Every structure is written in C-alpha cells, then in structure tokens.
Protein chains: 2
Amino acid sequence: MRITYKGDYALKAILDLAIHYYDKPVPVRIQHMAGRLDIPIKFLEQVLLELKKGGFVESRRGKVGGYLLARPPSKISLGQVVRFIASPVEPIACVEDGYKGCRDIYKCVFRDVWQRVSAATMRIIDGVTFSDLLESLNRKDKEQMVYQI
Amino acid sequence: MRITYKGDYALKAILDLAIHYYDKPVPVRIQHMAGRLDIPIKFLEQVLLELKKGGFVESRRGKVGGYLLARPPSKISLGQVVRFIASPVEPIACVEDGYKGCRDIYKCVFRDVWQRVSAATMRIIDGVTFSDLLESLNRKDKEQMVYQI
DNA sequence: TATAATCCTGATTATAATAGTAGAGTATAC
DNA sequence: GTATACTCTACTATTATAATCAGGATTATA
C-alpha cells in the first residue's frame, strides 16, 4: 500500500468536508477548499470528481454549488477510501494473472506474507472513521490552545 | 510500503542464495540465478550489488566466483531486507521536513494511523526469516508431489 | 431571462520513478 | 596470459504521477 499525493489530497478533502458537515449540509466550494489545503484548484477538481464516482461525496452545480459528504463522517472509514485511492502492497508481479515473476516454486512464498500484511493493515484502517479523525483533530487543537495561553 | 519489481527481484535473489546455502557455501553465478528467476542479467547485477552494499550478500570474483549469503538464512529476516529495498507507507508529504502538505491542523491526523500501520507491518515481516521461507517452500514442494503421483 | 458562480470533460504537459541496457574495467583461477 | 567471473558508470525507454489548460454544461438568483 502506498499513498500518493493525489491520495493524500483525497483524504484531506474528505476530512475538510467532514469538518463542514452539519445537520443541514452546506456545499463547500472547491476554491475555498483548495485554499485551505494548499492544493492546486484544477487538480483538486479531478480528485473530487473521482471521489464522487466512488460514492464518497456529492456535488451541487450552479451559483451556490459545491461539494458535500455523501453520508455522515461516522459512516466513512479510512479503509473504504484508501482501498479506493491506494495501490496494494505486492508488486504487480504477484497480483496480475499474466504475471512475469513468481514462476514455479517461487510463486507463493512471499505472497503469503504480503497477504498477512494487507490483512493487518485493513484491520487498522477499517477501524478508523472520519468522525474518529475529527475527534483527534479537536484533541490536537485543544492541546495547542494550552500552549497559546 | 510498496514492493517494486526491483525489490521483488532482491527478495527472490536472497531466497535463491538461501536455497544454495550449505555449510560449505558455493558461490552462485549471476547468470544461473538470472535464468532460474527469469530476471534480466544486467538488472540482476545491479540488484545484487545493492544487496552487497546492504551487507546481505558477499561476492567472489574470478573463475569460480559468484554470490553467496553473508550469513545463514535464519539470521536474515524479511523485515531487514524490506526496510532496505521498499518505500514507507506515507506519501512524501507526511515524511519530509520541508513537506508541502500537512500544514497546521491537518499535519498529524492521518500520520498517526500510518505509523500504526507501519508498526503492524514491521511486526509481521520482522518475524519471518529466510529459513522460515525455505521451510514453507519445502512444504509447498511436498504438496505438489502428492498431486503428481 | 440574463448572468455569474460553480462543476464537468478531455486533452496536454512536466517531472520523477522505475525498469532495463551497454560497455569498459578489475580481480581471480588455471 | 587468458578465460571467466564480478564491478562500476552512464545511458535510454517506459510508465506513473502531478499539474495545467481550455473550454463546456448546469443552475440559483437577481
């Protein structure tokens, strides 16, 4: 598993939408989000479009348009998003059908280990929702407060 | 963490040397190993040279030269090699000092999770040595025997 | 209904990582 | 000395990633 910049942007975008998620959701404009997160606007557009295809976010067009979370933060786990945006652990050789490496005896010796790693990883990221992340965000903010006084 | 082809080759190279590791080690020629593993010779050369720099293998030049394991397979863990050849989980943004993303409040919310993932991963791959892999290799061979009879 | 603010679509470019190639050089056994 | 192996440096091709650009489609509101 590897998180690229694009994937990192996607996670931060969802977190940003989670921060702005109230009972009556107000659409968040790409421009504003891009400013807050320091992401090139046009690049963030692409990221959000993909997230929309993935069913994580929705959008409203027109004058008061913008993006909003498709469901409450507590219903979106980190695992769901990461599986959508990140690559698996194994090299392509071990994953593809018409793989190049992994012939004969060498085929599965490492693969078993990669699968154990994947399983352990999933167990962790499936256990973290975006409302959990919001909480730890608030906790961090409070800690900062103390220092600022 | 992500295993590239090069990394995959490195692991298989060490496994091959482990297979040919006896009390009196006999150097394994690059050419032969490349043939067995179906890896371009010149590419495997580079891989082995790096593994030498990493202290995993040794080499003998000249007519009866070749590569051999620097220490017994039971003393080489998968973790040691993977840390040497693979990249971490996080995007560069979270790792570097002069990072681009991860400003302000967003800085550490995901990072904590990535670190938990890394820790869990290390726990697994540090617990597997190349003699363990040899064992499971033999086990798989035996299973195949049964079917062949 | 005009219009302004927004999302949407596709193509294009720039940079870096990865994978692989080439060839001259150095040590060693016989 | 020579054949055979590793050693080293540089290069090229391919792919992935990151970012940009130009225009088009949609829609709330004045």
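This one's a predicted model, so the numbers in the text were calculated from it and none came from an experiment. Order of the sequence lines sets the chain letters (A, B, ...), proteins ahead of strands, with each chain counted from 1.
Taking the side chain to side chain donor-acceptor pair (under 3.5 Å) definition, one finds that B:Ser131 meets it with B:Thr129, sequence neighbours left out. Partners of A:Asp132 under the salt bridge (Lys or Arg N to Asp or Glu O under 4.0 Å) rule, at least two apart in sequence or in another chain, do not exist in this structure. A search for side chain to side chain donor-acceptor pair (under 3.5 Å) contacts involving A:Arg71 returns A:Gln80, not counting sequence neighbours. For A:Asn138, there are no side chain to side chain donor-acceptor pair (under 3.5 Å) partners, not counting sequence neighbours. Residues that satisfy the side chain to side chain contact (heavy atoms under 4.5 Å, CB included) test with B:Arg29, not counting sequence neighbours, are B:His32.
Applying the ring-ring contact (aromatic ring centres under 6.0 Å, His included) test to residues at least two apart or on different chains, none of the pairs has a partner in residues 121-145 of chain A. For residues 74-87 of chain A, the salt bridge (Lys or Arg N to Asp or Glu O under 4.0 Å) pairs, not counting sequence neighbours, are A:Arg83-A:Asp126. The ring-ring contact (aromatic ring centres under 6.0 Å, His included) contacts involving residues 49-73 of chain B comprise B:Phe56-B:Phe84, where partners must be two or more places apart or lie in separate chains. For residues 47-64 of chain B, the salt bridge (Lys or Arg N to Asp or Glu O under 4.0 Å) pairs, not counting sequence neighbours, are B:Lys6-B:Glu50.
Under 4.0 angstrom from either OP1 or OP2 of D:dA19 there lies at least one side-chain N or O belonging to A:Tyr9.
Atom-to-atom, CE of A:Met33 to C1' of C:dC7 comes out at 13 Å; the value is rounded to the nearest Å. One can place NZ of A:Lys12 at 12 Å from P of D:dA18, the figure rounded to the nearest angstrom. Remark: P of D:dT7 and CD1 of B:Ile41 are 15 Å apart, rounded to the nearest angstrom.
Searching all strands for a Watson-Crick or G-U wobble partner of C:dC8 with both distances below 3.5 Å returns D:dG23.
Put simply, the side chain of B:His20 does not reach to within 4.5 Å of the side chain of B:Val26, judged on heavy atoms.
Within residues 58-72 of chain A, the residues that place at least one heavy atom under 4.0 Å from DNA chain D are, in residue-number order, A:Arg61, A:Gly62, A:Lys63, A:Val64. Proximity of residues 42-55 of chain A to DNA chain D (heavy atom under 4.0 angstrom from any strand atom) is restricted to A:Lys42, A:Phe43, A:Gln46.
Applying side chain to side chain contact (heavy atoms under 4.5 Å, CB included) to B:Ile76 and the options B:Leu133, B:Leu69, B:Leu15, B:Leu17 leaves one that passes, B:Leu69.
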Check: protein-nucleotides 14-18 of chain C nitrogen or oxygen pairs below 3.5 Å:
unit_1 : atom_1 : unit_2 : atom_2 : d
C:dT18 : OP1    : B:Arg2 : NH1    : 3.4

